[in-house]
Amino acid sequence: MARILVIYASLTGSTEIMAEGIVEHIKDDHDVVVKTFDFDPIDAKEMENFDGILIGSYSWDDDIPFEVEGFHDDMDEVDLTGKLVGVFGSCDSYYDIYGPALDTMALKAEKQNATVFEEKLKIELEPDPDDIEHCQRFADEFLKEIKK
């Protein structure tokens with residue numbers, strides 16, 4: 001049983017829907033802790049206590065949302081060697097860059113020696129039922145990678 005941390009920021013609820021789909025899919029077989037950047041105190045150092053970390057964020061401009069900025073900066077003090085980090089979130093193709101917050105968070109995790117899960121799960125705006133199935137497949141593949 002893997003220990004998984006799922007943390008996310010959701011402005012319109014779309015990334016929250018994705019997070020809920022992932023958590024509901026994996027919570028029976030794994031120790032899952034869920035926190036939101038909006039409401040929960042999140043200490044970046046606690047990432048070191050998990051086998052895998054899934055970071056969700058919305059993207060709609062050219063960088064990370066303000067709710068995530070402090071956490072992003074605090075990650076400089078974390079050693080993620082041996083940890084698998086995946087990113088997911090709602091994106092908007094209206095903007096010049098598609099899903100930049102996910103790329104920024106993945107890059108930070110990589111700089112902190114994490115293994116970054118290959119797929120960055122980017123869903124256009126609000127997820128539909130097919131997108132939720134994609135979230136579940138993403139979670140399955142993420143967990144397979146942890147077992148390796």
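Just so you know, these numbers use all the heavy atoms, side chains as well, and skip hydrogens, waters and symmetry mates. We're numbering straight along the sequence, starting at 1.
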Are [X] and [Y] packed together at the side-chain level, in the sense that at least one heavy-atom pair is separated by less than 4.5 angstrom?
{"X": "Ile4", "Y": "Ile53", "value": "no"}
{"X": "Cys91", "Y": "Leu102", "value": "yes"}
{"X": "Asp131", "Y": "Met18", "value": "no"}
{"X": "Val87", "Y": "Leu121", "value": "no"}
{"X": "Pro65", "Y": "Tyr58", "value": "yes"}
{"X": "Asp63", "Y": "Pro100", "value": "no"}
{"X": "Thr12", "Y": "Glu126", "value": "no"}
{"X": "Leu143", "Y": "His30", "value": "yes"}

For [X] versus [Y], what's the shortest heavy-atom pair and its separation?
{"X": "Gly21", "Y": "Ile132", "result": "CA-CG2, 4.3 Å"}
{"X": "Glu69", "Y": "Ile64", "result": "CA-CD1, 3.7 Å"}
{"X": "Ala2", "Y": "Ile146", "result": "CB-CG2, 4.2 Å"}
{"X": "Val85", "Y": "Ala109", "result": "CG1-CB, 3.8 Å"}
{"X": "Lys120", "Y": "Ala106", "result": "CE-CB, 3.6 Å"}
{"X": "His72", "Y": "Met105", "result": "CD2-SD, 3.6 Å"}

| said: Taking the basic N atoms (NZ, or NE/NH1/NH2) and the acidic carboxylate oxygens, is any pair closer than 4.0 Å for Lys45 and Asp74? | reply: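 Judged by the 4.0 Å cut-off on N to carboxylate O distance, Lys45 and Asp74 do not form a salt bridge.
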
In Å, rounded to the nearest 0.5 Å, how long is the span from [atom1] of [X] to [atom2] of [Y]?
{"X": "Leu84", "Y": "Lys148", "atom1": "CG", "atom2": "NZ", "result": "10.0 Å"}
{"X": "Ile7", "Y": "Ser57", "atom1": "CD1", "atom2": "OG", "result": "10.0 Å"}
{"X": "Lys122", "Y": "Asp92", "atom1": "NZ", "atom2": "CG", "result": "13.0 Å"}

| said: Are there over 12 heavy-atom neighbours, none belonging to Asp40, within less than 6.0 Å of that residue's CG? | reply: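 It does: Asp40 CG has more than 12 such atoms within range.
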
| query | What ring-ring contact (aromatic ring centres under 6.0 Å, His included) pairs are there with at least one residue in residues 75-120, not counting sequence neighbours? | reply |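 Found Phe117-Phe138, Phe117-Phe142.
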
| query | Between Gln136 and Ile22, does a side-chain contact (heavy atoms from CB on, under 4.5 Å) hold up when you go through it step by step? | reply | CA-CA 5 Å; Gln136 293 168 345; Ile22 290 168; over 6 Å; no

| task | Kindly indicate, with the supporting measurements, whether the criterion salt bridge (Lys or Arg N to Asp or Glu O under 4.0 Å) is fulfilled by Asp103 and Lys108. | result | CA-CA 9 Å; Asp103 299 328; Lys108 177 64 85 165; over 6 Å; no

| Working for ring-ring contact (aromatic ring centres under 6.0 Å, His included), residues Phe37 and Tyr8 | CA-CA 6 Å; Phe37 288 107; Tyr8 67 91; 8.1 Å; no

Tell me whether [Y] is reachable from [X] by hopping between hydrophobic residues (I, L, V, M, F, W, Y) whose side-chain heavy atoms are closer than 4.5 Å.
{"X": "Ile123", "Y": "Ile55", "answer": "no"}
{"X": "Ile26", "Y": "Val33", "answer": "no"}
{"X": "Ile17", "Y": "Val6", "answer": "no"}
{"X": "Val116", "Y": "Phe50", "answer": "no"}

| Steps toward side-chain hydrogen bond (donor to acceptor under 3.5 Å, both in side chains) verdict (Ser93, Glu124) | CA-CA 7 Å; Ser93 59; Glu124 179 72 13; 3.0 Å; yes

| query | Taking atom types as modelled and ignoring hydrogens, do the side chains of Thr81 and Asp79 form a donor-acceptor contact shorter than 3.5 angstrom? | reply |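 Present: a donor and an acceptor within the cut-off.
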
| Distance-only polar pair, side chains of His25 and Asp140, donor-acceptor under 3.5 Å |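 Judged by distance alone, the side chains do pair up.
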
| query | Does the pair Lys35 and Glu46 meet the rule for a side-chain contact (heavy atoms from CB on, under 4.5 Å), with working shown? | reply | CA-CA 12 Å; Lys35 295 190 175 195; Glu46 71 184 287; 3.1 Å; yes

| request: Just grab all the salt bridge (charged side-chain N to carboxylate O under 4.0 Å, His left out) pairs involving residues 12-32, residues at least two apart or on different chains. | output: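 Applying salt bridge (charged side-chain N to carboxylate O under 4.0 Å, His left out) to every pair that reaches into residues 12-32, excluding sequence neighbours, yields Arg3-Asp31, Glu24-Lys27.
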
| field | Step-by-step side-chain contact (heavy atoms from CB on, under 4.5 Å) determination, Met75 to Met47 | value | CA-CA 9 Å; Met75 284 179 68; Met47 294 169 65; 4.0 Å; yes

| task | Starting from the C-alpha separation in whole Å, work towards a yes-or-no answer on side-chain contact (heavy atoms from CB on, under 4.5 Å) for Leu5 and Leu54. | result | CA-CA 6 Å; Leu5 175 62; Leu54 291 169; over 6 Å; no

